[in-house]
> 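Here it is: the structure, laid out below.
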Number of protein chains: 2
Amino acid sequence: MAAHQANRDDNLIEDIQSRLDSLNKSERKVAEAILRDPSAATRYSIAALARAADVSEPTVNRFCRGFSATGFPDFKIRLAQSIATGTPYVGQNVEPDDTVAEFADKIVLSTIASLDKARQALDPKALATAIDYLIQAKQINFFGMGGSAPVALDAQHKFFRFNIPVMSYDDALMQRMVAAGSSTGDVIVMISYTGRTRETVDIARIARANGATVIGITNPDSPLGDACTVVLEVTAPEDTEVYMPMSSRIIHLTVIDILATGVTLKRGADFLGHLKKIKESLKPTRFPSE
Amino acid sequence: MAAHQANRDDNLIEDIQSRLDSLNKSERKVAEAILRDPSAATRYSIAALARAADVSEPTVNRFCRGFSATGFPDFKIRLAQSIATGTPYVGQNVEPDDTVAEFADKIVLSTIASLDKARQALDPKALATAIDYLIQAKQINFFGMGGSAPVALDAQHKFFRFNIPVMSYDDALMQRMVAAGSSTGDVIVMISYTGRTRETVDIARIARANGATVIGITNPDSPLGDACTVVLEVTAPEDTEVYMPMSSRIIHLTVIDILATGVTLKRGADFLGHLKKIKESLKPTRFPSE
DNA sequence: TCAGAATGTAGTAGTTTTAAATAAATAATG
DNA sequence: CATTATTTATTTAAAACTACTACATTCTGA
């Protein structure tokens, strides 16, 4: 039952952009006027927007209905909602001559936007299944290579506090060895943005052949996705322009947070005491909080 | 008349909550009606909201102006904007009996909220300074202990692609040794959530005594903050209830992204070719993207 | 030229805002 | 302590504005 309910708060601005081609002359003028400065558009009256787009008021109204709003005010509300998440810099990439303040904003906002997308795409059922496996695990291993290695390490840190044997590996050889030596009751969490690294897929297959449970934090339509027991799909943004993984890792980390929280909750309240003890063990190493 | 002002894109819902006490009877009724279901409030007309709050229309209008809106429609827009970021679960923590879907949403939304806060708090000037130091660095070292170790590792991965000698250390002893062996032209980036770990502060002092530049990604009002050449302040949320660092790491990573992007941009366009080459070198290890 | 779609005009219904009037609350005075 | 004055809060009612509907006009392509 994937059945993710009605994409209520889907991003309106992106919607407008993607439908730009299929609009007729006047409506495109409206679309362009809005995209020129979306946040200003939320403050316009229908008359003001009509003037800005150089069309008549009913055209604006028709445009709004075209995006399944009941009318102009409703459209403005939806536009406003999509702005907070949907970035003031409408899906704009970092430009070479941006100021520091500008590109810093762009980066943070695009990260926020991808988190929001991930939120809508995450499947609670798959998460619940993954959490169940983790709770019952005899031993947990996090595998991540390259850019995903830090994510795996982070997961290790988090789960270490749970008193379960947990390790992370960033090296294909070690991963292969661990996978080969695994058995029923072991859980291996594989973190990969593309899900297309050959080694990774091999390793997942080996682990499963040995009876281990493999949880994938990756793209669901990938060879790795197919090889996993459960896939936590992370259809992350493309990150195409910049040649570095950016938001994907952050989404992966957030998924780790969710898993860790799920385990904590399911373990029950007494367990919180254990976490507190660990936290307090760190106190002597710190300066007092003035 | 309260001296509240110009908190432009500060979270309106939080604002309303925090000012609840300082409102008079009727206006509080309005506030409560809105908080009862903020997203419904965005769809109400002034008459409907007045009825829901059991007051007259002008009262609602005055209420809106009290929150520095020009009127009711403007207020609704701002409310709508703050809903996207400002979480449906208005500042709520994860509860033991939340469903998976619920707490997953809460975690993602609170992460989004802290990113947005961080965005407003980040100082572009400090960022620019840090980027300048990084560009001129002979060598870069990222130091992070415990929960910040993965962040340091991630930074190493990112900066490795820049062709600068870069390392990361998660171990206090190694950090101390590297700091002791550092000299002018070396840049050390210290990542710490609290900025109060004794060791960390020591290490920063040693490094500076040797002429190295120390960039701190940490709390600015901390001993570590004082010991740094530049501080990138990250007044992260408290994460108090759950005994694990959550959003703080993510903000740290985002700051790393910003620094890396800044370095890329300042290095100029020809440098993008270099990044592309690295990316392409990974192709043979992958399954084709069908 | 004509059908059909697209766009615009003008009037109407609906909503918000303003301004003046009333009610409530607080302070001051006998 | 009661009564009145004064301020503050709230509403009623009218004015201003905004968005919507129905119809007229203008385009477009056959």
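Hydrogens, waters and symmetry mates play no part in the numbers below; they use all other heavy atoms, side chains included. In what follows, chains are A, B, ... by sequence order, proteins preceding strands, each numbered from 1.
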> Check this for me, if you would: do A:R28 and A:D21 make a salt bridge, where the nitrogen-to-carboxylate-oxygen distance has to be below 4.0 angstrom?
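So A:R28 does not pair with A:D21 through a salt bridge.
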
> How does protein contact run along nucleotides 16-30 of chain D, one letter per nucleotide 5' to 3', with B for base contact, S for sugar-phosphate only, - for none, heavy atoms under 4.0 Å?
---SBB------S--

> For the residue pair A:T59 and A:S56, confirm or rule out a side-chain donor-acceptor distance under 3.5 Å.
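The answer is yes; a qualifying pair exists.
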
> Students often get this wrong, so: under 4.0 angstrom with heavy atoms, is A:V60 touching a base, only sugar-phosphate, or nothing?
nothing

> Just jot down the side chain to side chain donor-acceptor pair (under 3.5 Å) partners of A:S45, sequence neighbours excluded, or say none.
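Testing A:S45 for side chain to side chain donor-acceptor pair (under 3.5 Å), a comparison that skips the adjacent residues, returns none.
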
> Contact class for B:S56 vs. all strands (heavy atom < 4.0 Å): base, sugar-phosphate, or nothing?
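Base, at least one base atom sits under 4.0 Å.
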
> What I want to find out is whether B:D257 reaches B:K158 closely enough, with some N-O distance under 4.0 Å, to be called a salt bridge.
yes

> Of all residues at least two apart in sequence or in a different chain, which pass the side-chain contact (heavy atoms from CB on, under 4.5 Å) check with B:D37?
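With neighbours one apart ignored, the set is B:S39, B:A40.
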
> What is the 5' to 3' range of DNA chain C, first to last nucleotide, that sits under 4.0 Å from any heavy atom of chain B?
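In short, chain B contacts DNA chain C from C:dT16 to C:dA25.
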
> Kindly write out the residues that satisfy salt bridge (charged side-chain N to carboxylate O under 4.0 Å, His left out) with A:D74, not counting sequence neighbours, or none if the list is empty.
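A:D74 satisfies salt bridge (charged side-chain N to carboxylate O under 4.0 Å, His left out) with no residue once adjacent residues are dropped.
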
> Where does the angle between the aromatic ring planes of B:F63 and B:F67 fall among parallel (under 30°), tilted (30 to 60°) and perpendicular (over 60°)?
tilted

> My understanding is that only residues two or more places apart in sequence, or in another chain, count here; which of them pass side-chain contact (heavy atoms from CB on, under 4.5 Å) with A:S22?
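Residues passing side-chain contact (heavy atoms from CB on, under 4.5 Å) with A:S22: A:R19.
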
